[in-house]
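To start, the structure itself, in C-alpha cells.
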Amino acid sequence: NSLFESVELAPRDPILGLNEQYNADTRPGKVNLGVGVYYDDEGRIPLLQAVRKAEEARVEAHAARGYLPIEGIPGYNKGAQTLLLGENSPLVAAGRVLTAQALGGTGALKIGADFLKQILPGSKVAISNPSWENHRALFERAGFTVETYPYYDAATHGLNFDAMLAAFKAMPEETIVVLHACCHNPTGVDPSLEQWARIADVIKARNLVPFLDIAYQGFGEGLEQDAAVVRMFAERDMTMFISSSFSKSFSLYGERVGALTLITSSKEESGRVLSQLKRVIRTNYSNPPTHGGTVVSMVLNTPELFALWVDELAAMRERIRSMRAQLVEKLKAQGVKQNFDFVLQQRGMFSYSGLTSDQVDRLRDEHGVYAVASGRICVAALNSRNIDYVAQSIAKVLA
Ligand code: PLP
C-alpha cells in the first residue's frame, strides 16, 4: 500500500494551464494575453538597467552569502517603508511601522495571514469579487473562512461602490478586509480617491482590519500617487497590514522580492509584534534569500540607481497606457460597435475586457489569441507587432 494511494489529483491552476496550452500551440501569430507579467515592446520580460547595474556592482563586490536576519535586509525594509509612506512619515519616526522582507507579495500575504490567524483566530477574511485568484486559497490555507465583498459591476465596467460600502458596514468587527491599494487585479478598476476616503472611514468606524495588497505600485499614476491609498489609511491612525510586491515594478519575478509592513499603535507594541512575526518567519523558511533583496535594496538606496529605476518604471507605465489607447482606437477602426472607452479608465497591467467566456474560447480556437476565461487580458502583453492582429481578432469574435 502506497502512502500516497488516497492522494487526489489537484485541479490545474487555470492560468498556468492556459500557458501550457499556449506553449503547445504551433500557430506562428499566436498571442498570450493570459499572463500576469509585463513584457516590453519586443515581447520580452525586461531586465531593468537599474537592476543590471546593481547586479554588476554586487558581482564585483564578491560578497559572501551568510544568513540574513530573520526579518531581512534593514535597508530593503526601510526602502519598502519609504515607498509606502514617503520620506518623512511621522509613523515611521514614532517607531510604529515594522517591515519584514518577504518571498514576493505572496510570501508577504502568507506570513501576514499566519500571524493574523494567531491574533484573530475567530475572524473571517473578505476579498473583492473578483480578486487575484490566490487571495482566497492563501487565506483559506492559513485557516480562515474567506468571503467576498461586491466590487466589479459588469454592467458599467466599473465599481459597484454602494454595494461595496454597504457590505463593509454590515461586517462584524475585526473582519479582515483585503484591498488592492492600486491597479486592481484582475479588473483594472480602482475606486476614486474620494471613494477610497469613504471606504477608509467605514473600515475605521466599523473596526475592521485592513490588509492592503500593493503589487503594482508605479503602474497606475506613479510611485508616489499609487501610494496615496496606503497613506490615506495611515493618516486615519489605523493599525493595519500591507503586503508589497516588487516582482513587477523591478521585473524580478523569480527573485521573490516583497515585503510585509505592519502599522502598530506604539513603538513598544512594534517590538512585541515584530518578535512574534519573526517566529512565524523562522518556522516557515527561517530567513529570506540574499540576491534579489540586495539588488532591490541597492536600487532603493542609491540615488543614481533610484532615479534610473523611476524612469524605467515610468516607461513601463507609459507603454501600457499607450497600448490601452491604441487598442481602443484600433477596435473602433475595425468597426467594432461596442464602446471600449472603459479600457482607458482602467489602471495597471490588466483589463476586464468584457469579452464573454465563449468569445474568449473563439479568440483562442479561431485566432490563437489567449485570454483568461473571465475576459481578463494583460495589456502589458500587447506590443506594436501584435496589437493590430489582436484588435482584428477581437473585432471578428464580436461581429
Ligand atoms: N497580489 C496581487 C494582487 C497580485 O496580482 C500578485 C501577483 O500577480 C501578487 C499579490 C503576488 O506577487 P508576487 O509574484 O510578488 O508573489
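For ligands, and for the atoms within them, numbers begin at 1 and follow the listed sequence.
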Using a strict cut-off of less than 4.0 Å between a Lys/Arg side-chain nitrogen and an Asp/Glu carboxylate oxygen, indicate whether R362 and D358 qualify as a salt bridge. no
Examine H180 against ligand 1 and note whether any of their N/O atoms are separated by less than 3.5 Å. no
Using a 4.0 Å cutoff against the non-hydrogen atoms of G104, which atoms of ligand 1 qualify? 15 (O), 16 (O)
Option with minimal heavy-atom separation from atom 2 (C) of ligand 1, where the choices are N134, N185, D213: D213
Please report which non-hydrogen protein atom sits nearest to atom 6 (C) of ligand 1, along with the residue it belongs to and the distance in Å to one decimal place. W132 CE2, 3.7 Å
What distance separates S243 OG from K110 NZ, expressed to the nearest 0.5 Å? 14.0 Å
Looking at R319 and D40, does any basic side-chain N land under 4.0 Å from a carboxylate oxygen? no
Could you state whether F161 and V177 fall into the same hydrophobic cluster, counting links through intermediate Ile, Leu, Val, Met, Phe, Trp or Tyr residues with side-chain heavy atoms under 4.5 angstrom apart? yes
If you take the centroid of each ring, where Trp contributes its six-membered ring, are F211 and F139 closer together than 6.0 Å? yes
Which segment of Y216 sits under 4.0 Å of ligand 1 when only heavy atoms are counted: side chain
Please confirm whether K248 approaches ligand 1 to less than 4.0 Å, judged on its heavy atoms. yes
Using distance alone, decide if ligand 1 has a nitrogen or oxygen within less than 3.5 Å of any nitrogen or oxygen in G105. yes
Could you list the atoms of ligand 1 found under 4.0 angstrom from a heavy atom of R256? 13 (P), 14 (O), 15 (O), 16 (O)
Residue and atom name of the nearest protein heavy atom (relative to atom 12 (O) of ligand 1), distance in Å to one decimal: S245 OG, 3.6 Å
What residue and atom, counting heavy atoms only, is the protein's closest point to atom 11 (C) of ligand 1, and at what distance? T106 OG1, 3.4 Å
Should the pair E318-R321 be classified as a salt bridge under the 4.0 Å nitrogen-to-oxygen rule? yes
Any donor-acceptor pair under 3.5 Å from Y389 side chain to H367 backbone: yes
